[in-house]
Amino acid sequence: MKKKKKVILVLSFVVIAVAVFAICIPIILQLQTITGRCLVTTNGKYMIVNKKGMPTVMYNQSGNESLFDGLNSGDQIRITCDMIQTSYPGKTGVTKCKLIAKGSLDDVPEATLSELHEMGYRFEGEP
């Protein structure tokens, strides 16, 4: 009976440790989730434009080389990323990316596209 209690106690501690680890790691790494519109540049960079029209260049930090495959400019996506570097456009490392809905460049705010054009960015899907 004592052995059974010890095994249950040890397993309980393991379960608690795993739960704490799963909760704390995103907090420690300061991961966040962002939903927005994808922009694919003509030189192969990927950006996300959040609901406020702020663009952020995305860098693949997932270890999965096909993370952004199949995405087109205007697609609605949700990403998990680390802290966004404060620059314009911002920069962030992405660990997860999910396509929510297909879209087009018409779904990206015109003001954001204009600002990025002035900086020399060009996007797939443009005439």
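For reference, positions follow the sequence shown, starting with 1. As a basis for the values below, the full set of heavy atoms in this structure was taken, side chains included, without hydrogen atoms, waters or symmetry mates.
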Distance check, rounded to the nearest 0.5 Å: [X] atom [atom1] versus [Y] atom [atom2]?
X	Y	atom1	atom2	value
Asn64	Asp69	CG	CG	8.0 Å
Leu113	Tyr121	CG	OH	13.0 Å
Tyr46	Asp75	OH	CG	10.5 Å
Leu71	Arg37	CG	CZ	12.0 Å
Leu116	Leu39	CG	CG	7.0 Å
Lys91	Met47	NZ	CE	8.5 Å

Going by heavy atoms in the side chains, are [X] and [Y] under 4.5 Å from each other?
X	Y	answer
Asn50	Thr56	no
Glu126	Leu105	yes
Val108	Ser73	no

Using every non-hydrogen atom in the two residues, find where [X] and [Y] come nearest and quote the distance to one decimal.
X	Y	result
Pro109	Val49	CD-CG1, 4.1 Å
Ser87	Pro89	OG-O, 2.8 Å
Cys97	Ile79	SG-CG2, 3.9 Å
Thr92	Cys81	OG1-CB, 3.3 Å
Ile77	Leu99	CG2-CA, 4.2 Å
Met58	Ile48	SD-CB, 3.9 Å

*Using the test side-chain hydrogen bond (donor to acceptor under 3.5 Å, both in side chains), find all partners of Thr86 that sit at least two apart in sequence or belong to another chain.*
none
Is a side-chain N or O of [X] found less than 3.5 angstrom from the main chain of [Y], in a donor-acceptor match?
X	Y	result
Arg122	His117	yes
Thr80	Thr95	no
Ser62	Lys96	no

*Give a yes or no on whether Lys102 atom NZ has more than 12 heavy-atom contacts from other residues, nucleotides or ligands under 6.0 Å away.*
yes
*Verify the cluster assignment for Val94 and Leu31: are they in a single hydrophobic cluster under the rule of side-chain heavy atoms below 4.5 Å apart?*
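No, because Val94 and Leu31 fall into different hydrophobic clusters, even though each may have its own neighbours under 4.5 Å.
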_Taking Tyr88 as the starting point, is it possible to reach Tyr59 by hopping between hydrophobic residues whose side chains are less than 4.5 Å apart?_
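Yes, same cluster.
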